[in-house]
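As structure tokens, the structure follows; a few thoughts come after it.
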Amino acid sequence: MDANRKTAYLTLMDVESKKSYSNIALNHQIICNRPNSQGFVRELVYGVLENKLLLDYYIDQLVSSGADSLRASDLTVLRMGIYQLGYMDSVPEYAAVNESVILAKRYCRGREGFVNGVLRNYLNRKFSIKLPDRTEDEIRYLSIKYSYAPWIIELWMEQYKVDFVEELLKAGNETPQTTIRLNWLRIIKKDLIEKLEAKGYEITPGELCQNALHVKGSELLGTELYKHGLFSIQDESSMLVAEKLDPKHGDVVMDVCAAPGGKTMAIAERMNNTGTIIASDIYRRKLDIIDKEAERLGITNVETRSWDATRVDSSMVEKADRVLVDVPCSGLGVVRRKPEIKYKEKTTEMELLPKKQLAILSASSQYVKPGGTLLYSTCTINPYENQRIIADFLKKNPSFKKEEAIQLLPHINHTDGFFICVMKKSKGLV
Ligand SMILES: C[S@@+](CC[C@H](N)C(=O)[O-])C[C@H]1O[C@@H](n2cnc3c(N)ncnc32)[C@H](O)[C@@H]1O
């Protein structure tokens with residue numbers, strides 16, 4: 001059996017049935033199955049994940065009992081087959097059908113005839129299947145066309161005009177460019193560019209941050225340059241958080257939701273290994289990742305500890321020059337990297353997020369020294385987790401003033417969708 005399609009199938013099944021994150025499942029299955037074209041596997045996995053509702057809409061037109069009636073294994077093989085037939089020009093039609101039938105023989109015993117029939121039916125009808133009528137139900141049309149749960153589209157329509165929302169939906173299905181953060185502690189920009197170019201990578205400068213470079217080329221994480229800590233992979237939105245926090249040499253910084261530590265490291269590099277960063281997270285096991293990253297990058301000013309950020313550590317009250325509050329959120333700004341987020345249901349857990357975010361922000365604000373900086377950030381595009389939290393917080397905490405609030409958007413800034421709000425604590429009594 002073709003190892004590429006097997007890897008893609010097993011990854012998609014992990015995401016569908018075990019609710020694994022796509023990036024983690026994909027890396028795991030690549031290690032287990034050693035496909036000969038990781039590029040093909042990625043294209044197929046992300047193509048299917050990004051277009052899941054659209055592919056199921058096609059299956060609904062082709063299978064009388066509908067996509068919902070199918071077992072996860074049958075549905076996954078059909079989604080993969082239709083995606084290859086409809087969207088992957090590099091795959092000949094016969095290969096897409098035959099390889100899907102081979103997958104079905106292995107993973108959907110007795111259903112290979114059914115899979116063959118549905119895919120042939122798709123080939124016959126693919127140009128005649130129409131999307132739902134936009135004028136009748138715009139949310140449903142957009143939800144199918146761009147494959148997003150309807151509640152996300154409704155949420156964005158509350159905030160933005162429909163054309164703007166459509167651009168945002170489209171951008172969420174694009175592949176993000178690879179961006180790296182150069183490690184100022186180990187190398188200067190010019191030298192890193194030279195070393196990467198010598199290895200055949202194509203480099204262009206970042207748009208938002210001095211230490212950002214866009215890189216074209218594969219296997220970056222396998223290079224000696226990465227292993228020796230000359231750079232990290234990070235979107236410019238996260239780098240901008242560290243830039244806006246503006247840490248100074250010798251500062252005491254608290255990073256209260258720190259794991260896996262991307263922003264902690266960016267802050268530490270800016271502080272040139274001076275001062276102290278207390279990086280805490282509720283999960284002890286996640287802090288090991290921060291310790292390992294610090295070692296790779298030659299960072300020595302980070303102390304990790306497990307702490308529930310909704311609780312106030314009285315020993316740290318008014319001890320920090322800067323506090324970063326990068327809260328857990330719905331992740332609607334990172335759908336380009338984790339397309340499975342587009343299909344999340346609006347659960348009670350999600351509805352409780354703003355309460356938790358406000359609790360974390362309120363408790364953590366107590367660590368800020370008079371005159372110090374408090375930065376709240378999320379990787380989401382949701383006023384209830386962003387602007388509303390800040391408004392509620394500022395109403396109850398008049399000693400803080402908002403200095404700047406930015407909502408980065410993939411179709412405008414070409415970054416992840418990020419919210420960054422910088423606040424200052426007054427120097428005296430308010
Ligand atoms: C958005 S992630 C942080 C990403 C991190 N700042 C970075 O740049 O790599 C949110 C983190 O908050 C942590 N978290 C969730 N609830 C928490 C709590 N009550 N106290 C502290 N950390 C919490 C999660 O474990 C998760 O690692």
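What you are looking at is a predicted structure, and each value in this text was computed from that prediction instead of being measured.
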Quick check: are there more than 12 heavy atoms from other residues, nucleotides or ligands sitting under 6.0 Å from [atom1] of [X]?
X	atom1	value
Glu295	CD	no
Glu345	CD	no
Lys126	NZ	yes
Lys369	NZ	yes
Lys227	NZ	yes
Glu403	CD	yes

Can you tell me how far apart [atom1] ([X]) and [atom2] ([Y]) are? Round to the nearest 0.5 Å.
X	Y	atom1	atom2	answer
Ile82	Asn51	CD1	CG	11.5 Å
Leu374	Lys424	CG	NZ	10.0 Å
Asp416	Cys379	CG	SG	7.5 Å
Thr310	Ile282	OG1	CD1	6.5 Å
Gln84	Phe40	CD	CZ	5.0 Å
Asn413	Leu408	CG	CG	4.5 Å

Quiz prompt | Residue of the set Ile299, Thr304, Val302 for which side-chain contact (heavy atoms from CB on, under 4.5 Å) holds with Asp291 | solution =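 Checked Ile299, Thr304, Val302 against Asp291; only one passes side-chain contact (heavy atoms from CB on, under 4.5 Å): Thr304.
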Self-check item: Test side-chain contact (heavy atoms from CB on, under 4.5 Å) applied to Leu196 and Leu182, Thr223, Leu220, the passing residue
Solution: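 With Leu196 as partner, side-chain contact (heavy atoms from CB on, under 4.5 Å) holds for just one option, Leu220.
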Shortest non-hydrogen separation from [X] to [Y] and the atoms involved:
X	Y	answer
Met316	Met254	CE-SD, 3.7 Å
Ile267	Pro247	CG2-CG, 3.8 Å
Ser232	Arg296	OG-NH2, 3.0 Å
Leu361	Met423	CD1-CE, 4.3 Å
Leu49	Pro339	CB-CG, 3.8 Å
Pro354	Ile389	O-CD1, 3.3 Å

Salt bridge or not between [X] and [Y]? Use side-chain N to carboxylate O under 4.0 Å.
X	Y	result
Arg134	Glu166	yes
Arg305	Asp281	no
Lys425	Glu318	yes
Lys52	Glu340	no
Glu194	Lys189	no

Does any non-hydrogen side-chain atom of [Y] lie less than 4.5 Å from one of [X]?
X	Y	answer
Asp255	Ile278	no
Leu75	Asp56	yes
Ile406	Lys244	yes
Leu213	Thr179	no
Val91	Arg5	yes
Tyr376	Phe393	no
Thr373	Asp246	no

Distance-only, no hydrogens or angles: does the [X] side chain make a donor-acceptor pair with backbone N or O of [Y] under 3.5 Å?
X	Y	result
Glu303	Ala279	no
Asp74	Leu70	no
Ser238	Gln234	no
Asn4	Val41	no
Thr380	Leu332	yes
Ser365	Ser362	yes
Arg181	Asn211	no
Gln177	Val215	no

So, [X] and [Y]: side-chain donor and acceptor under 3.5 Å apart, yes or no?
X	Y	result
Asp313	Ser315	yes
Asp235	Thr415	no
Glu219	Tyr201	no
Glu202	His214	no

Self-check item: Listed partners of Phe164 passing ring-ring contact (aromatic ring centres under 6.0 Å, His included), at least two apart
Solution: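 Expected list: Tyr160, His411.
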Exercise. Only counting residues at least two apart or in another chain, list the ones meeting salt bridge (charged side-chain N to carboxylate O under 4.0 Å, His left out) with Glu174.
Key: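 Glu174 satisfies salt bridge (charged side-chain N to carboxylate O under 4.0 Å, His left out) with no other residue.
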Quick one: does NZ or CZ of [X] land under 6.0 Å from the six-membered ring centre of [Y], within 45 degrees of the ring axis?
X	Y	answer
Arg311	Trp307	yes
Arg42	Tyr46	no
Arg79	Tyr9	no
Lys319	Tyr367	no

Quiz item: Can you pull the salt bridge (charged side-chain N to carboxylate O under 4.0 Å, His left out) pairs that have at least one residue in residues 375-399, sequence neighbours excluded?
Solution: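 Every pair satisfying salt bridge (charged side-chain N to carboxylate O under 4.0 Å, His left out) with a residue in residues 375-399: there are none.
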